[in-house]
Colleague: 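I'd like to ask you about the structure that follows.
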Amino acid sequence: MKLIIDTDPGIDDAIAIALAHALPQIDLIGMTAIFGNTFVQQSSRNARYLADLIGIDAPVAEGAALPYGASEYAPSDYVHGPEGLGDITDIPQIGSNDSRDAATFLCDMAAAHAGALTICAIGPLTNIADAIKRDPAFAANVASLVIMGGAYEHAGNVSPYAEANIIHDAAAADVVFASSMNITMVGLDATMKTLLTPTDFDTLAQKAPRIGGFMKRISDFYLDFYRSVGVTNGCPMHDALAVLACTNPEKFTFVRNGIRVAQSGEDIGATLGDTTRPPVKIAMDCDADWATSTMMDQIIELG
Ligand code: RIB
Ligand code: CA
């Protein structure tokens with residue numbers, strides 16, 4: 001499977017990227033950076049840093065810096081840290097971004113691999129919406145779009161109604177869900193069931209000192225945040241679960257419905273069922289034991 005990850009690394013993004021590289025059925029042909037957990041310039045720097053660390057030979061194209069209609073954006077750095085990777089600071093510039101912006105890169109790759117490309121979007125959906133607008137053929141060229149985002153029956157994590165990737169650009173998200181793309185939505189209904197614990201990260205560090213040790217290092221900040229909001233049994237692997245939905249949809253339980261994203265009011269960013277919209281697959285459950293053990297086993301393979 002040819003895969004592009006659209007990402008705002010991001011601690012759980014880092015684990016998802018390592019997992020994607022480790023999974024034998026994935027050929028990770030590129031990453032596109034988006035604002036979200038950090039500023040987009042930091043997202044692209046972090047993606048290139050992670051690619052170098054993990055051994056990923058794929059371009060990184062930098063995308064949108066702002067949500068649709070916004071003149072500024074401030075990341076919530078208390079979740080993923082000052083530079084997006086926990087307490088690590090002064091993350092070095094390694095290599096350089098692709099000459100194309102993210103939307104152009106996505107459109108070019110979708111055309112070059114028409115019908116064979118999966119995109120896993122694990123940040124706000126601005127780059128995907130830009131690509132839909134940029135190339136009328138993009139939506140049909142992409143075989144599958146798997147989104148980490150939304151909350152169908154589950155409460156939100158930014159507000160009682162809205163999940164972070166969706167609310168951070170509700171307008172762009174609605175463009176995506178109004179499109180005819182083959183969409184799988186992996187939201188909090190499923191991802192809040194797949195947590196890794198401090199003991200899991202100790203195991204990763206012990207069995208895979210380099211990559212596992214890095215993931216343990218950056219997870220401390222993330223575990224502390226979730227502990228501070230009452231999630232005391234670990235930290236959710238939101239983005240890594242979306243990667244597993246790309247390769248093993250049979251491990252998930254889906255419902256189908258159209259999705260409309262609330263654009264204003266108390267529930268802005270909510271992912272609402274709407275039968276007038278093209279139906280998407282909405283993950284409501286997964287084999288959580290299989291998912292977390294697969295994440296662990298694959299990252300341990302990386303050493
Ligand atoms: O709500 C969880 C999502 O927001 C994840 O993608 C996490 O990395 C943050 O971007
Ligand atoms: Ca993310």
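Here the structure is a predicted model, which is why all the values come from computation and not from measurement. Every heavy atom of this structure was used, including side-chain atoms; hydrogens, water molecules and symmetry mates were not. Just follow the structure's listing: the first ligand is 1, and inside any ligand the first atom is 1.
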Colleague: Under 4.0 Å, heavy atoms only, figure out whether ligand 1 is touched by the backbone of Thr191, its side chain, both or neither.
Modeller: neither
Colleague: So which of Phe225, Phe39, Tyr226, Tyr222 actually passes ring-ring contact (aromatic ring centres under 6.0 Å, His included) with His80?
Modeller: Tyr222
Colleague: Determine the minimum heavy-atom distance between Gln298 and Ala22, stating which atoms define it.
Modeller: OE1-O, 3.2 Å
Colleague: Just wondering, is there an N, O or S atom on Gly10 that's nearer than 3.0 Å to the Ca ion (ligand 2)?
Modeller: no
Colleague: Do Leu145 and Met148 belong together in a cluster built from hydrophobic side chains that touch within less than 4.5 Å?
Modeller: no
Colleague: If the cut-off is 4.0 Å to any non-hydrogen atom of Asp13, which atoms of ligand 1 fall inside it?
Modeller: 8 (O)
Colleague: With side chain to side chain contact (heavy atoms under 4.5 Å, CB included) as the test, pick out the partner of Leu188 among Lys193, His238, Glu153.
Modeller: His238
Colleague: Decide, yes or no, whether a salt bridge links Asp130 with Lys133 under the criterion of side-chain N to carboxylate O below 4.0 Å.
Modeller: no
Colleague: Within the supplied structure, the quantity of interest is the number of heavy atoms (other residues, nucleotides, ligands) at a distance under 6.0 Å from Gln25 CD; does it exceed 12?
Modeller: yes
Colleague: What N/O/S atom of Asp8 is the closest to the Ca ion (ligand 2)?
Modeller: OD1
Colleague: As an exercise, identify every atom of ligand 1 less than 4.0 angstrom from a heavy atom of His238.
Modeller: 2 (C)
Colleague: Which atoms of ligand 1 sit under 4.0 Å from any heavy atom of Glu163?
Modeller: 1 (O), 2 (C), 3 (C), 4 (O)
Colleague: Using a 4.0 Å cut-off to any heavy atom of Met148, which atoms of ligand 1 qualify?
Modeller: 2 (C), 3 (C), 5 (C), 6 (O)
Colleague: Nearest heavy atom to atom 9 (C) of ligand 1 wins, so pick from Asn37, Ile34, Asp12.
Modeller: Asn37
Colleague: Using a 3.5 Å distance criterion without hydrogens, assess whether the side chain of His168 forms a donor-acceptor pair with backbone atoms of Ala164.
Modeller: yes
Colleague: Have a look at ligand 1 and work out which part of Asp8, if any, has a heavy atom under 4.0 Å from it: side chain, backbone, both or neither.
Modeller: side chain
Colleague: On a heavy-atom basis, which atom in Ile218 and which in Ile11 lie closest, and how many Å separate them?
Modeller: O-CD1, 3.3 Å
Colleague: In Asp239, the N, O or S atom nearest to the Ca ion (ligand 2) is which?
Modeller: OD2
Colleague: Check each heavy atom of Val79 against ligand 1 and say whether those closer than 4.0 Å belong to the side chain, the backbone, both or neither.
Modeller: neither
Colleague: For ligand 1, note which part of Asp239 has a heavy atom under 4.0 Å away: side chain, backbone, both or neither.
Modeller: side chain
Colleague: Which of the atoms in ligand 1, numbered in the order shown and given with their element, are less than 4.0 Å from a heavy-atom of Asn165?
Modeller: 3 (C), 4 (O), 5 (C), 6 (O), 9 (C), 10 (O)
Colleague: Mark up the atoms of ligand 1 that fall under 4.0 Å of a heavy atom belonging to Ala164, in ascending order.
Modeller: 1 (O), 4 (O)
Colleague: If you take all heavy atoms of Ala111 and Asn141, which pair is closest and at what distance?
Modeller: CA-ND2, 3.6 Å
Colleague: Applying a strict under-4.5 Å side-chain criterion to I, L, V, M, F, W and Y, I'd like to know whether Ile268 and Val175 cluster together.
Modeller: no
Colleague: May I ask you to list the atoms of ligand 1 that are less than 4.0 angstrom from any heavy atom of Ile122?
Modeller: 6 (O), 10 (O)
